[in-house]
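Worksheet for the structure shown next.
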2 protein chains.
Amino acid sequence: MNETKTLRQYLRHRGLKVTQQREEIAQIFLGSKRHISAEQLHQQIREIYPKVGLSTVYRTLKLLVEAGLASQRRLGERITRFEPVAGDEHHDHFICINCGAIIEFENQDLEDLQEEVAKKHKFTILRHNLELYGYCQKCRRR
Amino acid sequence: MNETKTLRQYLRHRGLKVTQQREEIAQIFLGSKRHISAEQLHQQIREIYPKVGLSTVYRTLKLLVEAGLASQRRLGERITRFEPVAGDEHHDHFICINCGAIIEFENQDLEDLQEEVAKKHKFTILRHNLELYGYCQKCRRR
DNA sequence: CGAATTTTGATTTTGATTGTCAATATCAAT
DNA sequence: ATTGATATTGACAATCAAAATCAAAATTCG
Ligand SMILES: [Mn+2]
Ligand SMILES: [Mn+2]
Ligand SMILES: [Zn+2]
Ligand SMILES: [Zn+2]
């Protein structure tokens with residue numbers, strides 16, 4: 001678990017405390033399925049660490065995002081979902097409006113073109129959100 | 001006001017009723033500033049039509065979206081904003097994280113490239129969201 | 001250890017949006 | 001114009017994810 005180290009470093013760097021709960025939450029989060037909600041993660045954590053509260057899950061997810069270990073998304077639903085970030089990778093999403101499937105993809109041309117458009121408008125991009133809604137392979141025919 | 005006609009047609013086509021409130025809300029919405037919230041729109045409407053309720057504003061905005069006269073966005077905030085749609089135009093957004101400015105842009109290459117990527121993944125795009133967050137021209141230097 | 005500081009978690013609160021429902025409006029057929 | 005079936009309205013309550021509260025507990029560092 002290298003990410004655990006990254007979290008500890010981030011916390012110390014900010015003068016925050018390395019607590020049991022933060023380590024437990026990070027541990028479970030990093031091993032959980034992608035695009036998980038705070039509530040779902042809380043359920044999973046409780047199976048192993050029954051005393052952890054939902055508030056602390058919300059707070060720790062925020063820290064993980066700040067530390068660059070998680071990314072936060074609102075993919076068409078009203079709830080926020082989180083996913084672990086491996087290194088400096090980036091990806092975007094297809095979302096099937098029929099079955100709810102989330103398909104991740106990466107395309108450097110798309111990223112480059114965005115930068116080009118930004119340059120034209122004298123805008124500096126720090127991050128972006130691209131969500132493509134429609135039908136997945138299984139759902140597209142009827 | 002050609003859009004008023006479009007709304008009437010849409011309502012009749014769906015067996016819905018053309019009401020005072022729907023026409024009033026549409027009228028004010030179409031003349032309002034872009035990226036307005038339901039609450040803000042309700043304020044504006046009340047200045048001229050004081051009896052219109054917030055629920056009806058929400059319901060009518062939904063109808064306007066369905067009729068293709070409005071588009072609905074969540075640009076990083078927790079609230080939903082609406083903007084009138086002119087014809088079949090489409091655009092995406094830069095959002096300045098410093099001053100909150102929203103800059104609209106259109107780029108056909110970007111749209112085409114998205115389609116290309118979708119084809120590779122056997123995904124059919126019906127709609128999409130692209131939000132580029134960063135600094136606008138004014139805010140980018142310091 | 002001991003004190004200063006931060007964190008936790010049960011609980012309450014917030015706030016945007018949606019649901020409820022009795023009163024009212026619309027509209028097609030008389 | 002009147003009627004009656006149906007849809008709509010608006011005040012209000014409900015929902016629900018997320019944020020705030022705060023006393024008790026944990027962490028850190030000398
Ligand atoms: Mn993802
Ligand atoms: Mn816009
Ligand atoms: Zn699907
Ligand atoms: Zn700016």
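For the numbers below, each heavy atom of this structure counts, side chains included, while hydrogens, waters and symmetry mates do not. These numbers come from a predicted model, not from an experiment. Throughout, protein chains are lettered first and strands after them, A, B, ... in sequence-line order, and every chain is numbered starting at 1.
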Q: Could you tell me the separation between the CD atom of A:Gln21 and the C1' atom of D:dA24, rounded to a whole number of Å?
A: 13 Å

**Q.** Between A:His128 and A:Gln114, a side-chain donor and acceptor under 3.5 Å
**A.** yes

(Q) Go nucleotide by nucleotide along DNA chain D from the 5' end; which of B:Arg78 and B:Lys51 gets its closest nucleotide reached first? (A) B:Lys51

**Q.** Electrostatic pair A:Lys33-A:Glu83, nearest N-O below 4.0 angstrom
**A.** no

Q: Please list residues of residues 52-60 of chain A whose heavy atoms come under 4.0 Å from any atom in DNA chain C, ordered by number; otherwise none.
A: A:Val52, A:Gly53, A:Ser55, A:Thr56, A:Arg59

Q: Ignoring hydrogens and angles, state whether a donor on the side chain of A:Gln40 or A:His35 is under 3.5 Å from an acceptor on the partner side chain.
A: no

Q.
What's B:Thr80 touching, base or sugar-phosphate or nothing? Going by heavy atoms closer than 4.0 Å.
A. sugar-phosphate

Q) Has the side chain of A:His121 got a donor or acceptor atom that lies under 3.5 Å from a matching backbone atom of B:Phe94? A) no

Q: Let me know the distance between CD1 of A:Ile25 and C1' of C:dG9, rounded to the nearest Å.
A: 11 Å

**Q.** Whole-Å distance separating the CZ atom of B:Arg22 from the C1' atom of C:dT24
**A.** 14 Å

Q) Cluster question for you: counting only ILVMFWY and a side-chain heavy-atom cut-off of under 4.5 Å, with indirect links fine, are A:Leu110 and A:Leu75 together? A) no

Q) For the pair made of CD in B:Glu24 and P in D:dT8, what is the distance, rounded to whole Å? A) 16 Å

Q | Pair B:Phe105 and B:His91, ring centroids less than 6.0 Å apart | A | no

Q: Take the protein atom OH of B:Tyr49 and the nucleotide atom P of C:dA25, then report the distance between them rounded to whole Å.
A: 17 Å

Q: Using atom CZ of B:Phe82 as one end and atom C1' of C:dA16 as the other, report the distance to the nearest whole Å.
A: 11 Å

Q) B:Gln20 CD to C:dA23 P: how many Å, rounded? A) 22 Å

Q. A:Tyr49 and side chain to side chain donor-acceptor pair (under 3.5 Å): which partner among A:Glu23, A:Gln27, A:Gln21, A:Gln44?
A. A:Gln27

Q: On DNA chain C, check which nucleotide each of B:Arg74 and B:Thr19 is closest to and give me the residue with the more 5' one.
A: B:Arg74

Q. Do A:Asn107 and A:Glu111 have side-chain atoms, one donor and one acceptor, less than 3.5 Å apart?
A. no

Q) Passes side-chain contact (heavy atoms from CB on, under 4.5 Å), B:Leu11 versus B:Lys17? Steps please. A) CA-CA 6 Å; B:Leu11 291 172; B:Lys17 290 174 177 172; over 6 Å; no

Q: Rounded off to whole Å, could you give me the CG-to-P distance for the B:Leu61 and C:dT17 pair?
A: 10 Å

Q) Heavy atom of residues 6-18 of chain A under 4.0 Å from DNA chain C: which residues? A) A:Leu16, A:Lys17

